[in-house]
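All remarks here apply to the structure that follows.
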Amino acid sequence: MVRKRDHEVEEGSVKRQRVEEGPSSPVDTDNPLVPYNDVDEEEENEARERNNGGRGGEEGAVVDDDDDDDDYNEQEASIQRRRKLLEPREDCPYLDTVNRQVLDFDFEKFCSVSLSNLNVYACLVCGKYYQGRGKKSHAYTHSLEAGHHVYINLETEKVYCLPDGYEIIDPSLDDIRHVLNPRFTREQVAQLDKNRLWSRALDGSDYLPGMVGLNNIQGTDFVNVTIQSLMRVTPLRNFFLIPENYQHNRSSLVQRFGELTRKIWHARNFKGQVSPHEFLQAVMKASKKRFRIGQQSDPLEFMAWLLNTLHAELKTSKKNNSIIYDCFQGELEVIKEIPKKAITEKKENGGDKSEKTTDGETERGDALMEKSRMPFLMLGLDLPPPPLFKDVMEKNIIPQVPLFNILKKFDGETITEVVRPHIARMKYRVTRLPRYIILHMQRFKKNNFFIEKNPTIVNFPVKNLELKDYIPLPTPKENEKLRSKYDLIANIVHDGKPKEGVYRVFVQRKSEELWYEMQDLHVSETLPQMVALSETYLQIYEQHQ
């Protein structure tokens, strides 16, 4: 017979076992919005082994009854059967129910019931997201109600069969893992610009990796053209294709931009386009809804914000440097001539607080000369004003201007009049050229009543833009070569009226040196001559190495 105290110990041990064999956390099944915290099966097995290691469940318990031995053996056998059931299997009978046509990993990883982003699984039969896989979880319930049995953990990429709960080990599921989280080796990245092969999506459509369309989610064409342009900047693209370069960065914007880059250049996608939905959510959060879905914005403003924000998140603490500055940062010498009357007004208003390195001030007559150097990520070019009168056919004359004429703004001699923050005469000279130079044409001007657009066509070369012929450049050092020749790699254009029009972009595919026109989901090959016939707004040029 068992003494009374020992019997209580035994009874308590059995109670503990029952608690640990149940769900890992209490869930209110009446309320589907209560988040479910799942526990991995390995942790469950280890916990059971620790708690069931002693025969009575507690050290010092004395059991001398054959019935208690039988109960213990039954419990041990039950645990062994459950452990055997949870062992990884290669022969899952439900693999043929997986439907790759419905899988879409471009959207936020939230449970479709509880709206939680913790421990989310995707049903590989219907494509919906559910939380957890324990006995009271939403994925477990879905597996019983709908008869869908194969699920992938969106974070660990492990595949499970529910409601049984065992892990499925099968190499045929690797393509799903690659679409969920595209991977590139450094050797593959180095060969990207040499690849001429087309890829085929599940629906039979062909697409070019890196030249896929982006879904327009209610007026987000300004984001799409910016992303497509930046994808042509080789060092920037290569940096974000290798997640190890920024794996310790906690910025959601950096991680989502990297994911989007890998999806655009992935050669094994299930469909021939990508939806930038997760990236847009990160943009809305990081910009405090300055750029958001459903509201048209300016790609110039968005590109400036995106580059500066990515730099701020990626820069090292010791040096103010990042992959953004390595690609796009140049330097200008600025000479500002301020009338003394404007200087007096400036002091009364609290002075000038802009960041720059001032070389010195000199006084000349009734004006003060300020000479300074400042970094830049893009250069703004002024278009000549359009004519006010119509021609004999009663149509507006659309003027044309060569790019070289408006580049003279940066020759160090041409005077630019500015009125803000005070009246001044400015002279600009480029003292250091970036590896990739971004030019933007100032087409939109805001007056007191509305925004007007300048329709002037800019004539520019697609290849071999030689800057030293039009703007004076600094003499290179002894061992360096002056690199002043550039090729166009991306050209963003605007069609239609201000605030009503749409944006599209011309980009070059390096492997074949062909040009493509991209407008949201539409991607089509075009002639290089067509690139210069549009109302160009933003351009990216690549330096000859």
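Values reported hereafter were calculated over all heavy atoms of this structure, with side chains retained and with hydrogens, waters and symmetry mates removed.
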Residues Leu214, Val223; criterion side-chain contact (heavy atoms from CB on, under 4.5 Å); working and verdict: CA-CA 9 Å; Leu214 293 176; Val223 174; over 6 Å; no
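- Not one N or O on the side chain of Arg100 forms a donor-acceptor pair closer than 3.5 Å with the backbone of Phe270.
- Here the side chains of Ile324 and Lys315 are not in contact, with every heavy-atom distance at 4.5 Å or above.
- The 12-atom threshold is exceeded at CD of Gln296, counting heavy atoms of other residues, nucleotides or ligands nearer than 6.0 Å.
- Between the side chain of Ser112 and the main chain of Tyr130, no donor-acceptor pair closer than 3.5 Å is present.
- Aromatic ring pairs are classed by plane angle as parallel below 30°, tilted from 30° to 60° and perpendicular above 60°; the pair Phe279 and Phe302 is perpendicular.
- The aromatic rings of Trp305 and Phe291 lie tilted to each other, with the angle between the two planes from 30° to 60°.
- When atom types are taken as modelled, the side chain of Arg262 and the backbone of Pro182 share a donor-acceptor pair closer than 3.5 angstrom.
- Between His266 and His178, the two ring planes are parallel [angle under 30°; tilted spans 30° to 60°].
- For the pair Glu157 and Arg183, the salt-bridge criterion is met [side-chain N within less than 4.0 Å of a carboxylate O].
- Residues passing the ring pair (Phe, Tyr, Trp, His ring centres under 6.0 Å) test with Tyr325, sequence neighbours excluded: His311.
- Partners of Thr97 by side chain to side chain contact (heavy atoms under 4.5 Å, CB included), not counting sequence neighbours, listed by chain and number: Tyr94, Val125, Val150.
- With Tyr246 contributing its side chain and Phe240 its backbone, the two residues share a donor-acceptor pair below 3.5 Å.
- With Val159 as the partner, the side chain to side chain contact (heavy atoms under 4.5 Å, CB included) test is satisfied by one option alone out of Asp170, Ile168, Ile176: Ile168.
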